[in-house]
Peer 1: 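Once you've had a glance at the structure underneath, I'll fire off some questions.
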Amino acid sequence: VDVVRPQAAELSISIGVEMPPGLGGLAAGRVYPALLNGLRNAVEAIVRCDGPGEIRVRAAIDATDRIVLEVIDDGVGAPEGAEADRVFEPGRSTKPGGSGLGLALTRSLLSEMGGSAELRPRAERAGASRPGAVLSLVFPKPVDAGAIVIGRRETGP
C-alpha cells in the first residue's frame with residue numbers, strides 16, 4: 001500500500017487498510033507482487049472512471065486458517081460470466097494497451113503457493129455507473145521469514 005499510496009493520492013484516490021490483529025508481522029513473500037499488481041490495477045480502474053475514488057485492502061483469516069487479502073475498488077468493474085475467469089489468461093487484458101501479464105502472474109504465484117486468485121464484481125454496487133471490483137487473494141500463512149512484512153514497514157540503515 002505504501003508503494004502505491006503516493007500515486008493514488010495524486011489522483012485523488014484514497015486507500016484504506018483493514019487488518020485484524022495477528023496478521024501484522026507475517027512475511028509477505030511471494031504475495032507482495034500479487035498484491036502490488038492488484039493495487040495498481042485498482043488505481044487504473046478508478047482512473048478510467050474520471051474522478052476521485054477509493055480502494056480498500058481487507059485482510060482476514062478464513063475458517064481453514066488461510067489468509068484472505070481483498071483489494072476492493074470503485075472503478076470500472078470486473079467482467080462477469082464466462083469472461084470473468086479469462087482475465088487470468090496470459091495475454092488477455094481488459095485495459096487499452098494492457099499486456100495481460102499481471103493477473104496471469106498473480107494467479108500463477110498464488111497457485112504455486114497452494115492458493116487462489118479471483119476477480120469479481122462488487123455485488124452491492126451492481127448497476128452503478130462505477131460498479132467496482134474485488135480481487136481476492138487466498139493463500140496459506142507464510143512460514144519463511146522475509147524482509148517484506150505484511151502490515152509493517154521494515155526500517156534499516
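These numbers come from a predicted model, not from an experiment. Just so you know, these numbers use all the heavy atoms, side chains as well, and skip hydrogens, waters and symmetry mates. Quick note: residue numbers are just sequence positions, from 1.
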Peer 1: Please give me the minimum heavy-atom distance between Ile15 and Ala8, naming the atom from each residue.
Peer 2: CD1-CB, 3.8 Å
Peer 1: Just how far is it from atom CZ of Arg122 to atom CG of Asp73, taken to the nearest 0.5 Å?
Peer 2: 7.5 Å
Peer 1: How close do Pro131 and Gly77 get, heavy atom to heavy atom, and via which atoms?
Peer 2: CG-CA, 3.8 Å
Peer 1: Taking the hydrophobic residues Ile, Leu, Val, Met, Phe, Trp and Tyr, and joining any pair whose side-chain heavy atoms are under 4.5 Å apart, which ones share a cluster with Ile72?
Peer 2: Val134
Peer 1: Do Pro33 and Leu105 have side-chain heavy atoms sitting under 4.5 Å apart?
Peer 2: no
Peer 1: Working to the nearest 0.5 angstrom, can you tell me the gap between Asn41 CG and Ile46 CD1?
Peer 2: 11.0 Å
Peer 1: So, the side chain of Thr106 versus the backbone of Gly102: is there a donor-acceptor pair under 3.5 Å, distance only?
Peer 2: yes
Peer 1: Let me confirm one number: the CD-CD distance from Glu44 to Gln7, rounded to the nearest 0.5 Å.
Peer 2: 7.5 Å
Peer 1: Measuring only between side-chain heavy atoms, which start at C-beta, is Ser116 closer than 4.5 Å to Leu110?
Peer 2: no
Peer 1: Do Leu135 and Leu103 have side-chain heavy atoms sitting under 4.5 Å apart?
Peer 2: yes
Peer 1: For Glu10, give me all partners under side chain to side chain donor-acceptor pair (under 3.5 Å), at least two apart in sequence or on another chain.
Peer 2: none
Peer 1: Out of curiosity, Ser14 OG to Arg5 CZ, how far, rounded to the nearest 0.5 Å?
Peer 2: 9.0 Å
Peer 1: With no hydrogens and no angle check, is any side-chain donor or acceptor of Asp74 less than 3.5 Å from a backbone partner on Gly132?
Peer 2: no
Peer 1: Identify each donor-acceptor pair in which a side-chain atom of residues 52-71 lies under 3.5 Å from a protein atom, sequence neighbours left out, and give them as a table.
Peer 2:
unit_1	atom_1	unit_2	atom_2	d
Arg56	NE	Glu18	OE2	3.3
Arg58	NE	Glu70	OE1	3.0
Arg58	NH2	Glu70	OE1	2.7
Asp62	OD1	Thr64	N	2.9
Asp62	OD1	Thr64	OG1	2.8
Asp62	OD1	Asp65	N	3.2
Asp62	OD1	Arg66	N	2.9
Asp62	OD2	Thr64	OG1	3.4
Arg66	NH1	Gly114	O	3.1
Arg66	NH2	Gly114	O	3.0
Glu70	OE2	Arg120	NH2	2.9
Glu70	OE2	Ser136	OG	3.4

